[in-house]
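Numbers here are sequence positions counted from 1. One-based numbering, in listed order, for ligands and for the atoms of each.
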Amino acid sequence: MLAKLKSISLGNWILIGMILGLIVGLILNFYVTNPYIKNIVLMDNVFYLGGNLFIKLMKMLVVPLVFFSIVVGVASISDVRTIGSITIALMLGIYLQPGAGLQMTGLAEASNVTINQTMPDTILGMIPDNPFSSLASGDMLPVIIFGLLIGIILAKLREETETFNKIFTEGNRIMMEMTSIVMKFAPIGVFCLMAKTFGGLGLEGIMPLAKYFVCVLIGLAIQAFLVYPTLLVIFTRLNPINFFKRFIPVMFFAFSSSTSNATIPLNLDKLSEMGVSRDVSSFTIPLGATINMDGTAIMQGVAVMFAAQAYGIDLGTSALLTVIFTAVMASIGTAGVPSVGLVTLTMVFNSVGLPIQAIGVIFGIDHLLDMFRTAVNVTGDAICTIIVSFRNKAIDLDIYNGKKQPKKEIHIM
Ligand code: ASP
């Protein structure tokens with residue numbers, strides 16, 4: 001029996017934790033009426049502690065893991081042109097970030113979203129004033145830039161900086177090991193997160209908004225299961241089923257935690273296990289978790305249509321084009337943490353003069369949608385990473401196709 005349990009992979013344990021959490025949460029929601037046991041003991045203590053302990057551990061990993069792995073990844077890229085092309089992509093991504101003069105609600109101030117910035121300011125914001133304070137405050141873009149620069153210099157100076165090279169390589173190794181230890185708690189963490197969410201979820205709130213809810217879900221499903229696989233096949237001819245079979249635990253984790261940022265370590269690890277070189281993923285995954293949010297953009301598009309129809313406002317073609325543009329911008333400006341997509345939604349509403357109050361209406365069910373869209377967001381990052389690594393010959397196809405095992409140290413799940 002014990003041997004059987006031991007043979008279950010971590011990915012499957014995460015799935016089991018998630019399903020059990022869902023069931024326990026729903027039982028609590030519908031059948032447990034004692035508020036002391038339900039709310040005080042379980043929801044506010046046991047599940048809150050278990051879930052957030054795990055998210056905090058994952059968050060703790062993010063900055064050092066991203067920093068070391070970018071430095072090591074870039075330092076090991078022998079072809080400087082690869083760095084050049086990735087950097088151009090980065091610059092474009094950043095340059096397109098949302099811009100100036102938009103009114104945001106008080107909620108925005110409570111989050112880390114960059115708002116009211118002009119384009120030049122956005123670009124300037126990428127350069128750390130003080131790299132240590134960027135590292136300390138977990139400011140992803142300046143951290144990525146600083147790591148990139150150190151990596152390029154290490155690659156250039158090689159023998160001269162051998163000691164530092166070694167320090168970063170070993171630092172990276174330490175962070176990967178720490179990730180694998182923290183990940184062992186994932187099934188329990190995911191269980192608590194799911195139980196807490198579904199134990200407290202007012203499912204009745206969904207009914208009046210059922211159409212909106214289903215519309216967002218359909219959009220997300222098309223993106224995840226039609227658009228992404230199609231892109232994968234067009235650009236790489238790789239088998240998408242192979243991808244989903246192995247990537248599902250990462251989607252589940254993103255779903256349970258609603259944060260792309262905290263999913264970075266897991267995403268990096270899973271891609272290594274699929275044969276993707278860290279040279280590419282250590283750069284694209286944190287970048288994607290910061291600026292690439294397809295799921296969020298989809299929710300924002302549907303939310304605009306929902307509000308326009310609810311208020312009887314007829315949006316013409318030019319307003320719709322504005323929505324497409326601002327929703328993409330807003331999703332780029334959305335930080336990879338829970339619910340921020342709803343905050344940046346105000347920017348989209350403002351761009352076409354929709355009443356912000358409508359956001360209050362969908363607020364109640366946004367948590368559940370946030371879970372789904374975060375799963376889509378991280379999937380997009382992974383698909384892009386596979387495409388980029390394929391084109392840069394930085395993926396071991398034998399490992400991707402399951403003909404060869406990945407190296408042991410990166411095989412966490
Ligand atoms: N929670 C989302 C993420 O982390 C962002 C959002 O749409 O609120 O990807």
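Which parts of ligand 1 touch Thr259 is read off a 4.0 Å heavy-atom cut-off, strictly below it: atoms 4 (O). Residue contact check: Ser260 has heavy atoms under 4.0 Å from atoms 3 (C), 4 (O), 9 (O) of ligand 1. For ligand 1 and Val340, the ligand atoms under 4.0 Å from any heavy atom of the residue are 8 (O). Atoms of ligand 1 lying under 4.0 Å from at least one heavy atom of Thr374, given by number and element, are 1 (N), 2 (C), 3 (C), 4 (O), 9 (O). Within ligand 1, the atoms closer than 4.0 Å to a non-hydrogen atom of Thr296 are 5 (C), 6 (C), 7 (O), numbered from 1 in the order shown.
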- prompt: So Phe191 and Phe54, ring-ring contact (aromatic ring centres under 6.0 Å, His included) or not? Walk me through it.
  reply: CA-CA 11 Å; Phe191 169 82; Phe54 180 61; over 10 Å; no
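At a heavy-atom cutoff of 4.0 Å, ligand 1 is contacted by the backbone of Val337 but not by its side chain. Counting heavy atoms under 4.0 Å from ligand 1, residue Ser339 touches it through the backbone alone. At a heavy-atom cutoff of 4.0 Å, ligand 1 is contacted by the side chain of Met293 but not by its backbone.
A salt bridge does not link Glu170 to Arg173: none of the charged nitrogens lies less than 4.0 Å from a carboxylate oxygen.
A salt bridge (Lys or Arg N to Asp or Glu O under 4.0 Å) check over residues 351-369, counting only residues at least two apart or in different chains, returns the pairs Asp366-Arg373.
For the residue pair Gln300 / Thr326, no side-chain donor-acceptor distance below 3.5 Å is found, with atom types taken as modelled.
In terms of N/O distances under 3.5 Å, ligand 1 is approached by Gly341.
Using a 4.5 Å heavy-atom cutoff, the side chains of Val216 and Phe372 are not in contact.
In this pair, Phe164 and Phe168 present their aromatic rings tilted. The plane angle is within the 30 to 60° band.
Listed by chain and number, the residues in a salt bridge (Lys or Arg N to Asp or Glu O under 4.0 Å) with Asp294 amount to none (sequence neighbours excluded).
Atom 1 (N) of ligand 1 has its closest protein heavy atom at Asp370 OD1, 2.7 Å.
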